[in-house]
Amino acid sequence: MKDLFKRDVAAVSNIMKLRFHPLVAKSAKGVYIEGEDGKQYLDFCSGWGVANTGYAHPKIQKAIEEQLNKLSFASTCSLISEPVVRLAEELIQRMPGDFEKKAWFGLSGSDANEMIYKAIPIYTGKNKIITFVGSYHGQTLGSYSMSGHPMLSKDYGANVIKVPYPYSYRCPFSDKEDECGQFCIKYFEDYILGMAYSPDDIGAMVVETMQCDGGDIPMPKGYLKAVERICRKHNILLIVDDVKIGFGRTGDFFSFEYEGVCPDAVVLGKPIASGQSLSAVVGRKEFLDVETGLHLFTTGGSPVACAAALATIEIIESEKLLENTKRMGEMLMSGLRALMAEFGIIGDVRGRGLIIGVEIVEDKASKKPAPRLAQMISYRAYELGLLFYTVGIYSNVLELMPPLIISEDDVGKALSIIKEAIRDVLEGNFDEAKLEEFSGWGI
Ligand code: PMP
């Protein structure tokens with residue numbers, strides 16, 4: 001293990017690293033990853049939200065193997081194949097809205113958001129896009145520009161206007177959730193659209209319905225509906241970035257369903273093909289047809305990845321994963337709320353379904369973010385056999401995001417490890433020097 005770790009340090013570029021501990025993954029099954037050392041790790045990050053159906057699901061393996069044997073590859077740019085067309089039809093049929101729709105396919109959340117970044121000005125004839133402070137939309141230039149997370153937001157984005165996200169725990173206007181929501185909407189509507197910019201220049205608003213890498217912060221009730229109302233009033237496209245939480249993570253198939261909102265397009269990625277590289281944009285036909293060949297990738301939307309995505313949808317249905325997500329999410333949430341009552345360093349616990357953020361602070365009164373403590377807890381939990389990472393604009397939020405197939409036993413096990421990890425760190429039973437090689441988000 002040490003050897004592979006050192007070889008990775010020597011040979012693999014740091015540009016692609018976001019590391020929290022030295023785990024070398026050897027194999028994985030269900031909700032467990034086996035380390036090179038033979039130890040089993042309970043995965044509460046699902047490989048950054050990808051392994052929603054767990055690892056090595058037999059139906060995913062079967063779908064991939066059958067498709068590999070039948071047609072191992074065909075570039076969707078220039079050839080037609082059945083799994084690709086079938087997946088497009090399936091996604092179109094699931095997307096709400098009484099209008100004609102189409103689907104586009106790529107390889108990652110970033111390239112899918114890049115697609116909308118290119119298509120919005122061409123389709124709308126308007127060059128500005130609104131996004132949220134704290135948002136994460138990707139690492140390619142356009143998706144990077146739209147992002148408001150401090151790791152991504154510094155250098156680009158001249159045509160992007162970033163408005164405050166309703167983060168009620170730290171809202172400069174009010175820490176009451178409904179007041180924070182009302183103030184943020186008012187600021188957006190009256191000042192950003194009313195005074196600072198002309199709505200006539202704004203092509204689209206791109207939103208995460210729950211800010212994930214920004215700190216796992218759900219929107220206050222009614223907020224998404226208010227955003228939709230404003231977009232409709234000013235003829236601004238509403239596009240939901242569901243890359244991390246679409247396909248069931250919140251307990252709904254699409255994350256925007258809880259407010260009955262109907263976006264013009266949705267961006268999908270991460271879990272949709274259970275680990276095969278696949279992203280999608282599903283939305284208004286005229287938008288998706290804006291210019292032939294505008295944004296294409298040789299291996300984007302491959303038949304094998306699309307077959308895996310069709311199997312993923314089938315598993316969500318047949319194993320009732322939306323129901324399990326809601327049930328296990330409630331159990332995890334109530335266990336974490338109990339820990340919040342016990343430990344002064346847990347300032348807030350929030351989330352939807354099986355994506356929950358635990359905000360680590362120096363103390364409840366000051367709310368001062370404690371990113372170092374959060375990182376220590378994450379590392380200690382890894383030593384105890386539980387994997388989760390830290391997120392947030394201050395890097396101080398423990399993100400708990402297990403596969404949607406998780407059982408009660410494993411939720412219980414995770415809760416007891418989290419408790420033990422916090423206790424160990426607070427009692428000084430953790431050597432901080434271990435973090436030296438692991439900068440996490442580096443902020
Ligand atoms: N959108 C959201 C909401 C994300 O969370 C992410 C990744 N964290 C992306 C887009 C980018 O996805 P990818 O890393 O697959 O390019």
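We count ligands from 1, going down the list as the structure has it; atoms in each ligand are counted the same way. FYI, side chains are in, hydrogens and waters are out, and symmetry mates aren't considered; it's all heavy atoms of this structure.
Between Q139 and S110, the side chains place no donor N or O within less than 3.5 Å of an acceptor N or O (distance only, hydrogens not considered). Between the side chains of D111 and S279, at least one donor N or O sits under 3.5 Å from an acceptor N or O. In this model, no donor atom of one side chain and acceptor atom of the other lie less than 3.5 Å apart for T390 and S395.
Contact annotation: for H137 versus ligand 1, heavy atoms closer than 4.0 Å belong to the backbone alone. Proximity of C212 to ligand 1, defined as any heavy-atom pair under 4.0 Å, is not found for any part of the residue. Counting heavy atoms closer than 4.0 Å to ligand 1, residue N113 contributes side-chain atoms (C-beta onward) but none from N, CA, C or O. With a 4.0 Å cut-off on non-hydrogen atoms, K270 touches ligand 1 through its side chain and not its backbone.
At the top of the distance list for atom 16 (O) of ligand 1, counting protein heavy atoms only, stands S110 OG, 2.5 Å. Nearest non-hydrogen protein atom to atom 8 (N) of ligand 1 is D213 OD2, 2.7 Å. Nearest non-hydrogen protein atom to atom 13 (P) of ligand 1 is G109 N, 3.5 Å. Nearest protein heavy-atom neighbour of atom 2 (C) of ligand 1: Y136 O, 3.1 Å.
Contact between Q276 and A308 at its shortest, heavy atoms only, is CG-CB, 3.8 Å.
The salt bridge (Lys or Arg N to Asp or Glu O under 4.0 Å) test with K59 singles out one residue from E319, E66, E314, E65, and that residue is E314.
Between D242 and R249, no side-chain nitrogen of the basic residue sits less than 4.0 Å from a carboxylate oxygen of the acidic one, so the salt-bridge criterion is not met.
For D241, a nitrogen or oxygen atom sits less than 3.5 Å from a nitrogen or oxygen atom of ligand 1, counting backbone and side chain alike. The shortest N/O to N/O separation between D111 and ligand 1 does not fall below 3.5 Å.
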